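Here is the structure we will look at.
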Amino acid sequence: MEYQLDIGAVTRNMGPLFQGLWITLQLTLAANAIGIVAGFALALLTTSKPAVLRWPAMLFVEFFRCTPAIVQIVWFFYCVPMIFNVFWGPIFMGIVALGLNLTAFNAEAYRASIQAVPREHLDAGIALGLSPTQRILNIVLPQALRNSVPVLLTNGIGIFQQSALVAIVGVADLMYQGKTLATATYRPIETFTVVALMYFAISYPVGQFVNWLERRQSYT
Amino acid sequence: MTSSANGSALIEIKDLHKGYGPNIQVLKGLNIEMMPGDRVVVIGPSGGGKSTLLRVVMGLEQIQGGEVRFGGKPYIRADGRKTIIDNDVRKQIGMVFQHYTLFPHLSIMENLILAPRKVHGESRASARERGAKILERFGLGNKADAYPSQLSGGQKQRVAIARALMLDPKLMLFDEVTSALDPELVAEVEQVILNLAGQGMPMMMVTHDMWFAKNVASRVIFCASGVVVEDGPPEQVLGNPREERTREFINRVFHIRA
C-alpha cells in the first residue's frame with residue numbers, strides 16, 4: 001500500500017501545534033532567564049579562589065555536562081518529588097530542569113570569556129591604579145560579557161531544541177502536541193515534518209544572527 | 001656607578017630577588033639607584049631579567065627578597081613569603097607595555113579618562129578636557145571617539161603613553177614598547193618618548209633598539225643573569241664597555257645591525 005501524503009491533515013490542525021510552540025517558547029525563555037543569571041553567578045564561583053566555593057560549583061557544572069539531558073529531565077521529574085516531597089506543575093518542573101542544565105553550560109561560557117581577557121589588560125589596570133574591584137567591573141566584565149554573548153545565544157537556542165525532551169514526561173510542548181496529532185491523524189510524516197520545520201524556523205534565524213555577531217566581533 | 005648615598009634618589013632598588021617557583025631565579029640580588037633626572041635604559045640578553053625588573057618596579061610582581069624605595073620612602077619589600085606594596089606610591093608610576101594594552105571596549109577618550117575618574121575622582125568634563133589636549137599634542141586629536149581596533153600599532157602605543165601621562169606620573173616605565181610594531185611605525189613612538197625625555201620626565205625602559213637607547217638614555221644598565229653587570233653613561237656602556245660580558249653583548253647586537 002502506498003502512503004499518500006496529505007499535508008492538509010496537519011495544516012487543518014495547526015491550533016494544537018501553535019499551543020505547543022507557545023509552551024516550548026515559554027520553557028525556552030524562562031530557562032534562559034535562569035541560565036543567564038544563575039550561570040553568571042556560577043561562573044563567578046568556579047573562578048573564585050576559595051576551594052569551598054569553587055569545588056561544589058565545578059561539581060555542579062561537571063554533573064550536568066557529563067550526563068545526558070534526557071536523564072537529567074527524567075531524574076528531575078521522578079526523583080525530585082519523591083526525595084524532596086515537592087510537587088510542582090509539569091511546566092514549572094520543565095523550566096527548572098532545563099534552566100539548571102543551561103546554567104551549567106552558560107557558566108562554562110562565562111568562565112571561558114572571563115579567562116580570555118588578556119592578562120596584560122589586568123596589568124595595565126594595576127599600572128593605572130585601579131583597585132581589584134574597579135579592574136573587574138571596568139576591564140574584565142565588559143569584555144567578558146560581550147565575548148560571551150554568541151555562546152550564550154548558541155546555548156539558548158540549544159535549550160530550545162533540547163526542550164523537546166520534556167514531551168516524554170508529559171509537558172504539552174510542541175513535540176508533545178506533534179506526537180498527539182500524529183497518533184490522532186495517522187499522519188506521522190506530515191506532522192513531524194511540520195514540527196521539525198517549526199523548530200527550524202526559529203532556530204535558523206537565531207543561528208544566523210549568532211554568525212553575524214561573531215563575524216562582527218572578530219573585526220573589533 | 002653613578003650612585004650616591006645622599007638620599008635624594010628617585011628609586012632605590014636594593015638586593016632584589018625574584019624567582020618563579022623554587023628553581024627559576026630571574027633577579028639575583030639586583031641593585032640600582034636612579035636619580036630624579038635619570039633616563040635609564042636597561043639592556044641585556046633575553047631572560048636576563050630586564051622586563052621582570054620593570055614589572056617589579058611597577059608593583060606587578062611578588063618578590064622574594066630585597067626592597068624598592070621611591071622618593072626615599074619604602075615602596076616594595078619582601079616580608080617572609082608576602083610582598084608588601086604601598087599602593088599610594090605605586091599610583092605615582094606609569095607604565096607602557098609591549099602589547100598595546102588599550103581596553104578594546106572603550107573609545108580612545110574613555111581609555112584616557114577611566115583611571116583619572118575612578119582613581120582620582122576627577123570630573124568627566126575636566127578629564128575629557130585634559131585628554132583632548134594630550135591627544136592633540138600627540139597628533140591624535142581626531143581619534144578621541146575612535147576605538148583601539150581602528151588605530152595602527154604606532155597610534156595605539158602613543159595612546160597608551162597618553163593614558164599613562166593622564167595620571168601625572170613621577171616616573172615612566174617603558175617595556176619594549178616598540179618591539180611589536182612594524183618598522184615604519186617605530187619612529188613615531190620613539191619621537192614621543194624622546195619629547196618626554198626632553199621635558200625631563202624620569203624614565204626607565206627596556207629596549208632592543210640600540211640607536212634609540214643611545215639617543216634617549218642618560219644612563220645605560222647592562223643586566224644579565226639577574227644582576228647589574230655594568231652601569232654607566234651611554235658612551236661608556238654602548239661605546240666602550242668596561243666589562244667583558246657587556247662588550248660581547250654589544251658586539252653581537254651591533255654586528256647584527258651592521
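Below, all heavy atoms of this structure are taken into account, side chains as well, without hydrogens, waters or symmetry copies. Proteins come first, then strands; the chains are lettered A, B, ... in the order of their sequence lines, and each starts at number 1. Since the model is a prediction, treat every value here as computed from it, not as a measurement.
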* To do: Name the region of B:Leu60, side chain, backbone, both or neither, that has any atom closer than 4.5 Å to a heavy atom of chain A.
  => side chain

* To do: Would you check if B:Ile221 and B:Val40 make a side-chain contact, meaning some heavy-atom pair closer than 4.5 Å?
  => yes

* **Proximity breakdown for B:Leu102 and chain A, heavy-atom pairs closer than 4.5 Å** => backbone

* To do: Go through the atoms of B:Phe97 and report whether side chain, backbone, both or neither lie under 4.5 Å from a heavy atom of chain A.
  => side chain

* Asked: So which of B:Leu167, B:Leu106, B:Asn87, B:Thr101 has the biggest tally of heavy-atom pairs under 4.5 Å with chain A?
  -> B:Thr101

* To do: Determine, for B:Arg55 against B:Glu61, whether the closest basic-nitrogen to carboxylate-oxygen distance falls under 4.0 angstrom.
  => yes

* **Side-chain touch B:Ile93/B:Tyr75, heavy atoms, less than 4.5 angstrom** => yes

* Side-chain ion pair, B:Lys133 and B:Glu136, N-O less than 4.0 Å -> no

* To do: Flag the pair A:Phe160 / A:Tyr199 as yes when their ring centroid distance falls below 6.0 Å, and as no otherwise.
  => yes

* Asked: Considering only heavy atoms, which portion of B:Lys91 lies under 4.5 Å from any heavy atom of chain A: side chain, backbone, both, or neither?
  -> side chain

* Asked: Tell me, side chain or backbone of A:Gln134 under 4.5 Å from chain B's heavy atoms, or both, or neither?
  -> side chain

* To do: Counting only heavy atoms closer than 4.5 Å, note whether B:Arg163 contacts chain A via side chain, backbone, both or neither.
  => both

* To do: Considering only NZ, NE, NH1 and NH2 on the basic side and carboxylate oxygens on the acidic side, decide whether B:Glu33 and B:Lys14 come within less than 4.0 Å.
  => no

* Asked: Taking B:His120, B:Lys118, B:Met166 one by one, which has the highest count of heavy-atom pairs under 4.5 Å against chain A?
  -> B:Lys118

